[in-house]
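For the numbers below, each heavy atom of this structure counts, side chains included, while hydrogens, waters and symmetry mates do not.
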Amino acid sequence: LSLKFGDIGNLKGLVIRFLLTTSYYELSVQNWFSLHRLQLLYNHSIQATFNATRIYAPASYSYHCEHVSSLQRYDALLIPSSADDLSKLWEVTFIDFQIQGFNIQEGHFAYAKDCASFFSPAILMGLVMSLILLLVLAYALHMLIHLKSLDRHYECKASPAYFAQMKDNDLGDEKEPLRNSGNESYELRNQEFCKIYI
């Protein structure tokens with residue numbers, strides 16, 4: 001697949017060639033295509049060659065990536081083919097890159113397989129925070145399960161009522177006459193026994 005710039009100023013004679021391959025994988029039971037190599041040609045002469053890594057998708061899909069670049073800050077999906085090649089003198093970066101080599105219908109891209117990793121830093125941070133919250137929840141449940149009821153330690157046991165037998169000589173000290181409508185009545189001063197004598 002060749003991308004030609006035609007007569008655009010300084011880019012005249014520059015061609016970007018994408019070498020695509022297709023393979024059948026029994027495990028997925030379908031054909032997959034991959035970008036095998038990228039070549040930069042100027043005036044029909046190869047200037048640089050990059051090996052592509054991790055650029056693949058099912059043959060019925062397209063491949064999409066925010067950045068496909070030879071720079072490390074963009075994860076370097078394009079690697080110079082050899083140390084002796086002039087490729088290391090070139091910096092290639094495609095922004096909002098999408099490619100489909102096979103099964104193109106009506107000139108439109110098919111559903112895109114994105115290059116975004118399933119374990120991006122944001123997703124990893126979310127997983128770590130979820131794990132911490134689960135540990136806190138497990139500890140709280142553990143403490144609740146082993147929480148002992150207060151009834152087991154602070155039972156209010158009512159002791160049976162005990163009334164000491166009173167002697168006649170003590171009654172004189174504990175009784176006080178009540179003057180009430182001519183009837184003689186006595187009242188206990190010691191409220192412990194709660195008895196009223198009339």
Side-chain angles (χ1 to χ4, degrees), residues 1-140:
L1 180 66
S2 294
L3 178 63
K4 298 180 180 180
F5 290 89
D7 296 331
I8 302 177
N10 296 330
L11 297 179
K12 183 178 179 181
L14 178 64
V15 176
I16 300 177
R17 182 183 294 168
F18 302 93
L19 301 177
L20 300 164
T21 60
T22 182
S23 302
Y24 178 79
Y25 292 96
E26 294 182 1
L27 190 61
S28 61
V29 196
Q30 63 180 338
N31 288 317
W32 287 65
F33 81 89
S34 61
L35 178 58
H36 181 63
R37 189 170 293 150
L38 182 141
Q39 294 177 338
L40 299 176
L41 292 86
Y42 190 75
N43 291 333
H44 306 288
S45 174
I46 296 177
Q47 302 294 317
T49 302
F50 295 90
N51 292 329
T53 61
R54 294 177 288 142
I55 300 179
Y56 52 84
S60 58
Y61 287 50
S62 64
Y63 174 87
H64 175 266
C65 196
E66 189 66 28
H67 293 96
V68 172
S69 175
S70 61
L71 303 177
Q72 288 298 327
R73 69 171 177 261
Y74 294 129
D75 203 15
L77 295 176
L78 300 176
I79 300 173
S81 59
S82 69
D84 300 332
D85 194 4
L86 296 176
S87 303
K88 60 183 180 181
L89 301 177
W90 289 73
E91 291 182 356
V92 179
T93 300
F94 296 99
I95 298 174
D96 196 19
F97 178 82
Q98 188 167 1
I99 191 170
Q100 180 178 352
F102 310 97
N103 301 324
I104 299 173
Q105 296 179 358
E106 299 179 1
H108 297 289
F109 284 116
Y111 179 81
K113 175 188 176 295
D114 204 276
C115 67
S117 174
F118 289 107
F119 293 101
S120 63
I123 293 175
L124 286 177
M125 183 59 68
L127 290 174
V128 169
M129 291 303 297
S130 299
L131 180 61
I132 291 173
L133 290 176
L134 282 176
L135 289 175
V136 170
L137 180 62
Y139 178 74

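- For residues 48-96, the disulfide bond (SG atoms under 2.5 Å apart) pairs, not counting sequence neighbours, are Cys65-Cys115.
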List, one per line, each side-chain donor-acceptor pair under 3.5 Å for residues 40-47, sequence neighbours excluded.
from	atom 1	to	atom 2	distance (Å)
Gln47	NE2	Ser45	O	3.4

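- For residues 18-48, no pair satisfies disulfide bond (SG atoms under 2.5 Å apart), with sequence neighbours left out.
- Ser70 places no side-chain N or O within 3.5 Å of a backbone atom of Glu91 that could act as its donor or acceptor partner.
- One N or O on the side chain of Ser69 and one on the backbone of Val92 form a donor-acceptor pair closer than 3.5 Å.
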Pairs of donor and acceptor atoms involving the side chains of residues 48-58, under 3.5 Å and at least two apart or interchain, shall be tabulated with distances.
from	atom 1	to	atom 2	distance (Å)
Asn51	OD1	Arg37	NE	3.3
Thr53	OG1	Leu77	O	3.2
Arg54	NH1	Asp75	OD2	3.4
Arg54	NH2	Asp75	OD2	3.4

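- Applying the salt bridge (charged side-chain N to carboxylate O under 4.0 Å, His left out) test to residues at least two apart or on different chains, none of the pairs has a partner in residues 125-135.
- Applying the ring-ring contact (aromatic ring centres under 6.0 Å, His included) criterion to Tyr61, with sequence neighbours excluded, gives Tyr111.
- Taking each heavy atom of Ser62 and Gln98 in turn, the nearest pair found is OG-NE2, 2.9 Å.
- Sparse packing is recorded around OH of Tyr139, with 12 or fewer heavy atoms of other residues, nucleotides or ligands lying under 6.0 Å away.
- Atom-to-atom distance recorded for Phe33:CZ and Phe102:CZ is 8.0 Å, nearest 0.5 angstrom.
- When atom types are taken as modelled, the side chain of Gln72 and the backbone of Tyr74 share no donor-acceptor pair closer than 3.5 angstrom.
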